[in-house]
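Taking it in order: structure first as structure tokens, then the write-up.
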Amino acid sequence: MTEFEAAVAKVLAGLGEGDVVTYGEVAAEAGYPGAARAVGRFLATHEGQPWWRVVTGTGRLVPQHTEEHARRLRAEGVTVVDGRVRLG
DNA sequence: TATCTGACGATAG
DNA sequence: CCTATCGCCAGAT
């Protein structure tokens with residue numbers, strides 16, 4: 001577990017049910033602004049993380065995982081339309 | 001150390 | 001709204 005991973009995991013742990021953030025937000029909160037891709041890699045390689053509460057900067061769900069992603073978000077009360085989270 | 005890859009992001013067309 | 005391209009960072013080989 002690297003410092004970067006620990007920081008990201010900590011930010012994710014702070015999320016609650018129905019809460020959604022972007023990769024950029026997570027990276028910035030973790031102290032690594034601009035490392036959005038690294039966040040995605042972390043979620044993709046590490047299990048046990050609330051990855052479904054993380055979406056792209058435009059509200060798009062995780063590519064190639066939109067089905068499972070949308071399903072999990074809906075389960076937490078998040079409105080998903082056409083593979084995207086309703087921005088409000 | 002060099003090179004490639006990916007669940008990203010912003011900009012241009 | 002879409003796709004295409006470049007820039008970004010951290011990890012793996």
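Side-chain atoms are counted along with the backbone in the values below, which use heavy atoms only and exclude waters and symmetry mates. Here is the naming used below: chain letters follow the sequence lines, and residue numbers restart at 1 for every chain.
One finds a salt bridge joining A/Glu76 and A/Arg53 here, because a Lys/Arg side-chain nitrogen approaches an Asp/Glu carboxylate oxygen to under 4.0 Å.
The nearest whole Å value for the distance from the CG atom in A/Leu61 to the P atom in B/dG9 is 13 Å. Taking atom OH of A/Tyr23 as the reference point, atom P of B/dG9 lies 8 Å away to the nearest angstrom. Here the C1' atom of nucleotide C/dA10 and the NE2 atom of A/His46 are 11 Å apart, to the nearest Å. Protein atom CZ of A/Arg60 is 17 Å distant from nucleotide atom C1' of B/dG6, rounded to whole Å. Atom CD in A/Glu25 sits about 17 Å away from atom C1' in C/dC9, given to the nearest Å. We find that CH2 of A/Trp51 is positioned 12 Å from P of B/dA7, with the value rounded to whole Å. Separating the CH2 atom of A/Trp52 from the C1' atom of B/dA7 is a distance of 14 Å, rounded to the nearest angstrom. Per the geometry, CD belonging to A/Gln49 stands 16 Å off P belonging to B/dA7, to the nearest Å.
Contact check, A/Arg84 against C/dC1: a side-chain N or O comes under 4.0 Å of OP1 or OP2. Using a 4.0 Å cut-off, no side-chain N or O of A/Arg37 falls inside it from OP1 or OP2 of B/dA10.
The line from CZ of A/Arg86 to CG of A/Leu73 is 14.0 Å long, rounded to the nearest 0.5 Å. We find the CZ-CE distance between A/Phe42 and A/Met1 to be 5.0 Å, quoted to the nearest 0.5 Å. With rounding to the nearest 0.5 Å, the separation of OG1 in A/Thr22 from CZ in A/Arg60 is 15.0 Å. Remark: A/Arg71 CZ to A/Leu61 CG distance equals 13.5 Å, nearest 0.5 Å.
A/Phe4 places a side-chain heavy atom less than 4.5 Å from the side chain of A/Val39.
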With 3.5 Å as the limit, what N/O pairs link the protein to nucleotides 11-13 of chain C?
| residue | atom | partner | partner atom | Å |
| --- | --- | --- | --- | --- |
| C/dG11 | OP1 | A/Thr2 | OG1 | 3.0 |
| C/dG11 | O4' | A/Arg41 | NE | 3.1 |

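Side-chain rings of A/Trp51 and A/His46 stay apart, their centers remaining 6.0 Å or farther from each other.
B/dC4: Watson-Crick or G-U partner is C/dG11, with both key distances under 3.5 Å.
Across all strands, A/Tyr32 comes closer than 4.0 Å only to sugar-phosphate atoms, never to a base (heavy-atom distances).
The side chain of A/Val62 lies closest to B/dA7, out of C/dA10, B/dA7, B/dG9.
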